[in-house]
Amino acid sequence: MNRVVTNIFPKGPYDFELTVGYHTYYRSRYGADHWEDDKYRRLLEIDNKLLLASVRSTGTVDRPELEMVVEGTALSQYDVTRAKSQIEWILGTSQDLKQFYGSIVDDDPLNNFCQHLYGLHIPHAQSPYESLILAVLGQQISNNVARLIRTLIIEKYGSPAKYNGMDYYAFPQPISLAKASLEDLRLLKMSYRKAEYINGISQVIADQSDLLTFAEYQDNNEIVSKIMQLRGVGRWTAQWLLIKGLGRMDAFPVGDLALKQMLTKLYFDQTTLKEEEMEPFSKRWSPWRSYATTYLFAANRQGLI
DNA sequence: TACCAGGTAAAAA
DNA sequence: TTTTTACATGGT
């Protein structure tokens, strides 16, 4: 077992606490992500090797600097490099907020949230597959139920490791959930249909690992129509995959109930916004709709809405 | 006790 | 083609 310390320099402004807090729903543990003692921790599975990354802030919002400690067995320089790039991706450190902030200065509720949430970057799932599974698990049900089910599936099918007496789990590999029986998945409190979705998607991804890999030039609509061919993936799930799994800047989860309620309250004077009105309305934030969405949800989680 | 919750596919109209 | 409905479960 060895241990390597390295530094990460996010693109400022970068608020580490806000970004990790949003990512973990301000809980000490959410799914495979941990947020305790001012440290973000995550067990990563890299080439079948498990390593724990612990990250803390050593800088400020405008001069951000993070310190990452990687622990594992027989760590190579390559492992550390991979872990670092995965953590940078999860924590959204390379995003540049300037253009988004500049684009919404006259948009009042949102601009106000941006002042409160200055330096919040969009955190990502570790992989497109992870974001897809988490999104499907979250369909239709309340956040409390979603969190419960997400944790159950990670603890049952993710690779475990113990560090300093604490149990950590990597996010399950596609093959693990592809091999799971529907009956076993049902034990994790999901509906039979949801178990079918999870199992089916995992089988497809286990078989074609590059299915969720897209080139830079590919259009969001092209990606959406491709992933919606997966059973269990509708447009809501596809849009969240664009935001949380692929790092696209201009996605918008039309049909999201919480989002609809927030827009109704903030922009339509309590007159319920119709679903078909969401997409046209969202265009005011293009090409930064993923940020607008994230800042609205972040404001919501902080009780600002 | 009902009814809702950060949807979706399949059935029915 | 468009509109309902079943789905599981914890919270209120």
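We name chains A, B, ... by the order of the sequence lines, and we start the count at 1 in each one. Only this structure's heavy atoms are used, side chains among them; waters, hydrogens and symmetry mates stay out.
- Classified by interplanar angle (parallel below 30°, tilted 30° to 60°, perpendicular above 60°), the ring pair A:Y14/A:F16 is tilted.
- Applying side-chain contact (heavy atoms from CB on, under 4.5 Å) to A:Q139 and the options A:M190, A:R193, A:K194 leaves one that passes, A:K194.
- Listed by first residue number, the stems of DNA chain B with at least three Watson-Crick or G-U pairs below 3.5 Å are B:2-5 with C:9-12, B:7-13 with C:1-7.
- Counting any heavy atom pair closer than 4.0 Å across all strands shown, A:V136 reaches no nucleic acid atom.
- Among A:T6, A:I8, A:T58, A:I87, the one residue that satisfies the side-chain contact (heavy atoms from CB on, under 4.5 Å) test with A:L66 is A:I8.
- Residues passing the salt bridge (charged side-chain N to carboxylate O under 4.0 Å, His left out) test with A:R29 are A:E155, sequence neighbours excluded.
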Evaluate salt bridge (Lys or Arg N to Asp or Glu O under 4.0 Å) for A:K84 paired with A:E67, printing each intermediate quantity in order.
-> CA-CA 10 Å; A:K84 183 175 171 181; A:E67 181 193 81; over 6 Å; no
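- Protein chain A contacts DNA chain B over a range whose 5' and 3' limits, counting nucleotides with an atom under 4.0 angstrom from a non-hydrogen atom, are B:dA5 to B:dA10.
- Within 4.0 Å of A:Q139, counting heavy atoms only, lie sugar-phosphate atoms of the nucleic acid but no base atom.
- Here A:N143 lies in heavy-atom contact (under 4.0 Å) with a base.
- For the pair A:R301 and A:Y26, the cation-pi criterion (under 6.0 Å, within 45° of the ring axis) is not fulfilled.
- Across all strands shown, A:Y192 has heavy atoms under 4.0 Å from sugar-phosphate atoms exclusively, and none from any base.
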